[in-house]
> 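Pasting a structure below so you can have a look.
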Amino acid sequence: MSKRERIFIIPTRYGILYGFGVFITLLAGIIYSNNLVYLLSFFLVAVILIGMVQTHSNLKGLNIEKLQMELAPAFSQGNAKIWIKSTNNEGHNQIQINTTKNNNAGISFMVPNLTGATLSIERFAYTTQGRGKKSVEQIRLSTTFPFGLFYAWRFFDIKTNYYVYPQPFGNFNLPENELLGDSVEKIIGVRGDDFTQHKKYSYGESHKHIDWKAYARGRPLLVKEFKDGDNRVLSLDIQNMSGHIEAKLQQLVKWIDDCETKKIIYSLKLDDQFIGPGLGQIHKKECLKSLAEYPNYEAS
Amino acid sequence: MKPHNFTPSRKFNLSLIVLITLNLLPHLEDHLTTTLIIGLISIVWRILHEYQKVKLPNIILKLLLIIGSCYLVFFQHGQITGAEPATALLIAGVSLKLIDSVDYHDAMVVLFLNFLLLMSRFLVSQSLSLTILGILNLALVTALLLQLHKGKEIQLKFLPLLKLGFKLFLQTAPLLTLLFFVFPRFSTGFIQLNNETQAKSGFSPQLAPGEVSKLIASDEIAFRVVFGKNVPQPKDRYWRGAVLSFNQGLSWEPAKEQTQTNYSRQFRGELFYEQNIILEPNYGTWLFALETPISLKFKDQMKQMQSYIGNGRVYTVKQNNGQKLSYKVYSDPMPKQMLLEKEKYLQIKNEDDERLKQLIKITLQQSNNELDIKNNYLDFFSKNLKYSLNPTPVKNNSVSEFLFDTKIGFCEHLASSFAYLLRASGVPARIVVGFQGGEKNDFGEHYTVKDKDAHAWVEMWSNTLDRWLRVDPTEVVAPLRLELGGQMYHSLSQDELNAGLSQDEYLARFKSSWYFKVIVQSQLAFDLASMRWNQFLLDFDKEGQRQFFRKLGLENLKLKKLGFLSLFALIIFFIWLNRKRYFYRKGLTQQKSIYNDLCLYLDAHLVKKKIYFGPKDYFQLF
């Protein structure tokens, strides 16, 4: 058994209290030569042994296959998933999962129960501290199940990186004067994503865009008209901003969020790094990751 | 290190209440007031809190409750230290903990205190019913401990909880059995539990009118006895407890006397009765035995050293520490005796009554010897006196008033006045208090003597026979009492007794009653089990353990070896708990490695196995 597979076990403070009670009971049995009290104390001893074995086997046969931690803002909570594989047929109860060593990754959650001999995915929330690219080196699994008399724990080495981006905060509005490209909304007819209005059907137009439902209601043949969203591109550049670096980063995150809600295409420029115009979750994640990794000049 | 901040659910709390109620029940016997007042307040409050959202007491009220219960305990026991008040305080503490807010910490503490509460009861009583209650209790505590750590999501209802508890309890059974036999027993009779309960029931060491009839009302078992070869006739089963030789009119007290230590010795005799007796606690310090005990032996050497022989050949134990006592007595019905201290047996408190003087005078005139005197008085008794459970009270403890005015009495009145008359006539006499009779348990070998068999009779010195002679005036006044036995006689009503049926008719009537069919029969069956269990628990002391191993063919098991064996038992139990790990693992891994090899092969050649595929999902792909 390698050092990493080792399960450590010590009595809890309740375990010590219980042990003291067992001692008193046994002593009473001896002093008063009372066989029933002897039996009681033997039962209590048996409970200790059963508890010890069960606590130990509650952690036995567990393996952490994977840990995935999603992007999360600083000083807040992020979602995470953990893949726990059990080779133990009995199943597991009340397993506490914690991080060790680096304190800024706040993984601390309780798995109420795990089915034995399967792979289960547990979702949980972790708390974050400051921004940056962080990593989890090792996690600790611990339990006091079934009687709370013993505390067992073991470690798993699982190197996982995760990113904490700055909290979205800022007083400035979107710098709409920085918009590049066509600022005039243009009607692009039947193409486009957003429905705007109805138009009278004229011969030769595609049948596909006729609003048949409106026709069924007794209205004349109408064609639905669409327009594309803003075709403008917002260029966010850290060098165009003034103030404290962290404040600037927080403002950028706020703007990215605003762009996403307003569906404005944006690009991000951080010193020599440029993330090209785009919109949507993948683009946003890329931007936030780079914001998370942005070096803190003033600290260094 | 605290695993979680688990607040127990309502289901858990209600189970906890059930557990504590169960645990308090047996304590009602010795700590009625404390348990009833504090226990009831706490339980009702807690239930109201669970269902009606009544607030739990605040800190000031809590403090008041604590001080109040301390005062109550002090008021009840006159002190705050000692075994009895400690138990009362424990009861109060556990009860009050219920109306403290119950979080994880509180729940753990209450569960642990329950073990101690159970132990404090075991120290006082080791009956079968308490054992059963104890098992129920332990199963529940263990199941609740498990529930507490299973988390909020998985909370069981009461019955599944109990089932789980019993499953856990059965798991401990192998260790319990092993340790019970091999754990070294010590002889520690020298440490005594100062128990004030002993004087509460049973006999008080004096005979005043009404003392014995108090006992008749109770249905408790006094002792159980297994006879050797010879079994005396029901009429001759007089169990002597105390000899009272100091007269104070109608009431009697034991005389001050010198006792001698009862050294264990061998007994050889022709006709004797061997009795193995298990005496229930709370019967004072007297060791009951058939007349006349010659030799009394405890298995435990320490107890032997603490037992004494008093005047009139009664055995006492120095201090009865509220435990059952198991001993063996040999009784010789025709012993060789001498009369010492004759004056002591002639002392009376003089009564100035003409009728009394007249009676004594006439009787003495008519008699040649002490046997004639006895017969004449018995004659007088059978003609003039009546036996009743509820006699007319006698004022001033006066013998003459009883004999000539009230005339209705219980065995104690009859014996008192009879011994008085004998002494007044110059015949040395004394009162013996004890039991008469005993019912055989139809299911087993043993006889049960109950409080209902309590009795008092007279012993007089006969110069002609040169020994003490038993005289029982009740025999002539109420012959049915002896024919039917106390247990049956005292469960009949006064009307039935007045009907004047014969012994067989009463017997038939008694046996056909539903009381006999249902209650007596089940009592007998439970009594047998109880007796066996008691015998087993009491006999397995240091000596019993040695005999047990001798039977197994293991001589000379010293303390060290037994300690080693106990350790060995623990290790065996530990291995047994890990049996799956040590014994079945190989088979499983073999199957598993074959499966893994197969998966690897299929993985490489046919279909990629995803990490979340179980065997079934995987093979459905083919």
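Chain letters run A, B, ... following the sequence lines, proteins first and then strands; every chain starts at 1.
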> Does any heavy atom of chain B fall under 4.5 Å from the side chain of A:L149, the backbone, both, or neither of them?
side chain

> Quick check on B:I571: does its CD1 atom have over 12 non-hydrogen neighbours (other residues, nucleotides or ligands) under 6.0 Å away?
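Count over threshold, so yes.
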
> Just verifying a value: how many Å separate A:S41 OG and B:L176 CG, rounded to the nearest 0.5 Å?
9.0 Å

> Find the distance between CG (B:L577) and CE (A:M52) and round it off to the nearest 0.5 Å.
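Between B:L577 CG and A:M52 CE, I get 9.0 Å after rounding to 0.5 Å.
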
> Apply side-chain contact (heavy atoms from CB on, under 4.5 Å) to residues A:L36 and B:L123 and explain how you reach the verdict.
CA-CA 8 Å; A:L36 216 48; B:L123 286 179; over 6 Å; no

> Take atom NZ of A:K85 as the centre, draw a 6.0 Å sphere, and report whether it contains more than 12 heavy atoms from other residues, nucleotides or ligands.
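Incorrect, the count does not exceed 12.
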
> Identify which part of B:P174 has an atom lying under 4.5 Å from any heavy atom of chain A, answering side chain, backbone, both or neither.
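For B:P174, there is no contact with chain A at all, as no heavy atom is under 4.5 Å.
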
> So, do A:L26 and B:F183 sit near enough that their side-chain heavy atoms are less than 4.5 Å apart?
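A side-chain contact exists here, since the closest heavy-atom pair is under 4.5 Å.
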
> Give, as side chain, backbone, both or neither, the part of B:M119 having an atom under 4.5 angstrom from any heavy atom of chain A.
both

> Under a 4.5 Å heavy-atom cutoff, which of A:L49, A:I121, A:V47 has the most pairs with chain B?
A:L49

> Taking the side chain as C-beta and beyond, is there a heavy-atom pair between B:L146 and A:F145 under 4.5 Å?
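When only atoms from C-beta onward are counted, A:F145 and B:L146 do touch, with a gap below 4.5 Å.
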
> Using heavy-atom distances under 4.5 Å, tell me whether A:I48 contacts chain B through its side chain, its backbone, both, or neither.
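No part of A:I48 comes within 4.5 Å of chain B.
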
> Could you tell me which portion of B:F573 (side chain, backbone, both or neither) has an atom closer than 4.5 angstrom to a non-hydrogen atom of chain A?
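Side chain of B:F573 only, per the 4.5 Å heavy-atom cut-off to chain A.
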
> Just do the side-chain contact (heavy atoms from CB on, under 4.5 Å) check on B:F536 and A:N35 with the steps written out, would you?
CA-CA 9 Å; B:F536 173 69; A:N35 273 329; over 6 Å; no

> Can you tell if the side chain of B:L175 reaches within under 4.5 Å of the side chain of A:I50, non-hydrogen atoms only?
no

> Heavy-atom pairs under 4.5 Å with chain A - which of B:T142, B:L138, B:L145 has more of them than the others?
B:L138

> Less than 4.5 Å to any heavy atom of chain A: does that hold for the side chain of B:L113, its backbone, both, or neither?
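It is neither, since no heavy atom gets under 4.5 Å.
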
> Can you find a heavy atom in the side chain of A:V53 that is under 4.5 Å from one in the side chain of B:F574?
yes

> Which label fits B:H105 and A:Y14: parallel for a plane angle under 30°, tilted from 30 to 60°, or perpendicular past 60°?
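Tilted, since the angle between the ring planes falls between 30° and 60°.
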
> Name the region of B:F180, side chain, backbone, both or neither, that has any atom closer than 4.5 Å to a heavy atom of chain A.
both

> Looking at every heavy atom in both B:L118 and A:L40, which two are closest together, and how far apart are they?
CD2-CD1, 4.0 Å

> Taking C-beta and beyond as the side chain, do B:L168 and A:F147 meet within less than 4.5 Å on heavy atoms?
yes

> Is any side-chain heavy atom of A:F42 less than 4.5 Å from a side-chain heavy atom of B:L178?
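A side-chain contact under 4.5 Å is absent here.
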
> Measuring only between side-chain heavy atoms, which start at C-beta, is A:L39 closer than 4.5 Å to B:F122?
no

> What part of A:Y18 gets closer than 4.5 Å to chain B, counting heavy atoms only: side chain, backbone, both or neither?
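Contact with chain B is through both the backbone and side chain of A:Y18.
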
> Measure across A:Q94 and B:K150 and return the closest heavy-atom pair with its distance rounded to 0.1 Å.
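Where A:Q94 meets B:K150 most closely, the heavy atoms are NE2-O, 2.8 Å.
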
